[in-house]
2 protein chains.
Amino acid sequence: MASELPATAWTVLGLLSFGRELSGYDLKKWADNSLRFFYWSPAASQVYAELRRLEKVGYASSTVARQDDLRNKRVYSITDAGREALQRWLHEPAEPTVLKHPTMLRVWLGHLEGPAALTKVLDGHRADLTEQLDAARHAADHATDDASWGAYPAAVTRWAVRRLESELALLDDLERDLAQPPTRRNRRNK
Amino acid sequence: MASELPATAWTVLGLLSFGRELSGYDLKKWADNSLRFFYWSPAASQVYAELRRLEKVGYASSTVARQDDLRNKRVYSITDAGREALQRWLHEPAEPTVLKHPTMLRVWLGHLEGPAALTKVLDGHRADLTEQLDAARHAADHATDDASWGAYPAAVTRWAVRRLESELALLDDLERDLAQPPTRRNRRNK
DNA sequence: GGGAGCATGTAACGGGTTACATGATTGG
DNA sequence: CCAATCATGTAACCCGTTACATGCTCCC
């Protein structure tokens, strides 16, 4: 059973499932400003590769759209078979969530460094987070106003915003914890 | 400059940096009940491969410890060069955090399904989260009581617990949001 | 003139996974 | 006796990345 196709193929097919005709270039752009906030954005070359694969198995079809005179691009749309396959995939149990947090790994190795260096690491991370939060807020506002992608993507981008906000809060908690770690005794009882 | 070694090598070396002599088997176990809560746990075969690599570049050294008569295992320890290299690595800017959330991907594709199927997906995810939370709490309690790994790993496991708790809260928020999405109008102004 | 955006790819590489093999010991 | 745990690896595979190539058009 397994999965029939790699994760990237499903996400690309997912992008197509909103009913638009999109080129590889478009797909990469949409991935960059929606998918990346809760999943990830494949390399451009990978997008093209998956599109060719999807077409080969009949889940997508393409036509060449000439726009001006010599400007050509190949646009893809999802097929009925593709939509069905995607639905089947949705019903399978979700793969485990992946969280790979290099900053926490560095904190975890704090004994090599001491508190001073850690503060620097944490500050850097906080800066990254606020930057991401900003981008996510823009995406969420846009998705909330522009109804054309539907309610679900909008809700998910708002989720992404709240997630980043709570990551920031978690960072503060961590710093407090490092300054004043709980012990067996003073641990609030669960 | 880049990174000299793959991420797994640094995490394995990190495990070794706590000063114990550990076998590949041990390493895999420690990864499973600490690292995996905020980073990830490499396959056993990968652990052995990285250990051989670390030894080749002089960041770890190994000796064969025979325990009974014929039970042998190869135990590794970090070298001075290894500790220095690890410290250098800590100082480089952290790689971006990776979050790959298959459940949110499914919600994002909610238009293929409708609310009923989504509830099932979300319930499944909630079950996963509570299970993980349970495991994380055990790890955190253990790390808080057993001082032998030091304060930093303990603080990070507690961070992991809080993170999972807030993920659960975020799930509730998402469900409320899906039931009653904000619009341009009623959006709290920011 | 040149950089940015549009548009699509190829080639090489490697990190990490799964599946499998082996064999010993311990405990129900 | 069999399953689980200890303990270590090999082989095949492939997903996905980086680096690179190409060429057009628009705009400063």
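We name chains A, B, ... by the order of the sequence lines, and we start the count at 1 in each one. None of these values were measured; they are calculated from a predicted model. Excluded from the calculations below are hydrogen atoms, water molecules and symmetry mates; all remaining heavy atoms, backbone and side chain alike, are included.
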Less than 4.0 angstrom between a side-chain N/O of B/Trp40 and OP1 or OP2 of C/dT17, yes or no?
yes
Does the pair A/Glu50 and A/Arg53 meet the rule for a salt bridge (Lys or Arg N to Asp or Glu O under 4.0 Å), with working shown?
CA-CA 5 Å; A/Glu50 294 303 339; A/Arg53 186 198 321 236; 3.0 Å; yes
Measure from CD on B/Gln46 to C1' on C/dT17 and round the result to the nearest Å.
8 Å
Please check if atom CD in B/Gln87 has more than 12 non-hydrogen atoms from other residues, nucleotides or ligands closer than 6.0 Å.
yes
Using whole Å, what does the distance between atom P of nucleotide D/dA7 and atom CZ of B/Arg52 come to?
17 Å
Could you state the CG-P distance from B/Leu27 to D/dA7, rounded to the nearest angstrom?
12 Å
Nearest-nucleotide 5' precedence on DNA chain D, B/Tyr76 against B/Lys29:
B/Lys29
Is A/Tyr48 near enough to C/dT8 that one of its side-chain N or O atoms lies under 4.0 angstrom from OP1 or OP2?
yes
Please give, in whole Å, the distance from D/dC15 P to A/Leu5 CG?
9 Å
Please name the pair of heavy atoms, one in B/Pro102 and one in A/Thr97, separated by the smallest distance, quoted to 0.1 Å.
CD-CA, 3.8 Å
What's the closest nucleotide to the A/Pro6 side chain, out of C/dT17, D/dG16, D/dA7?
D/dG16
Rounding to a whole Å, what distance do you find between A/Leu22:CG and C/dT8:C1'?
16 Å
Rounded to whole Å, the CG-P distance (A/Asp26 to C/dT8) equals 8 Å
What is the distance, rounded to the nearest whole Å, between atom CD of B/Glu55 and atom C1' of D/dT8?
14 Å
What do you reckon, are the aromatic ring centroids of A/Trp159 and A/Tyr152 less than 6.0 Å apart?
no
Under-4.0 Å side-chain N/O to phosphate OP1/OP2 contact, B/Arg53 with C/dG14
no
Any donor-acceptor pair, under 3.5 Å, between the side chain of B/Ser23 and the base of D/dT8, if you only look at N and O atoms?
no
N/O donor-acceptor pair, side chain B/Ser45 with base C/dT18, under 3.5 angstrom:
yes
How long is the line joining NZ of B/Lys73 and C1' of C/dA24, in whole Å?
14 Å
Should B/Leu54 and B/Trp89 be regarded as members of a common hydrophobic cluster, given that ILVMFWY residues are connected when their side-chain heavy atoms come within less than 4.5 Å of each other, either directly or indirectly?
yes
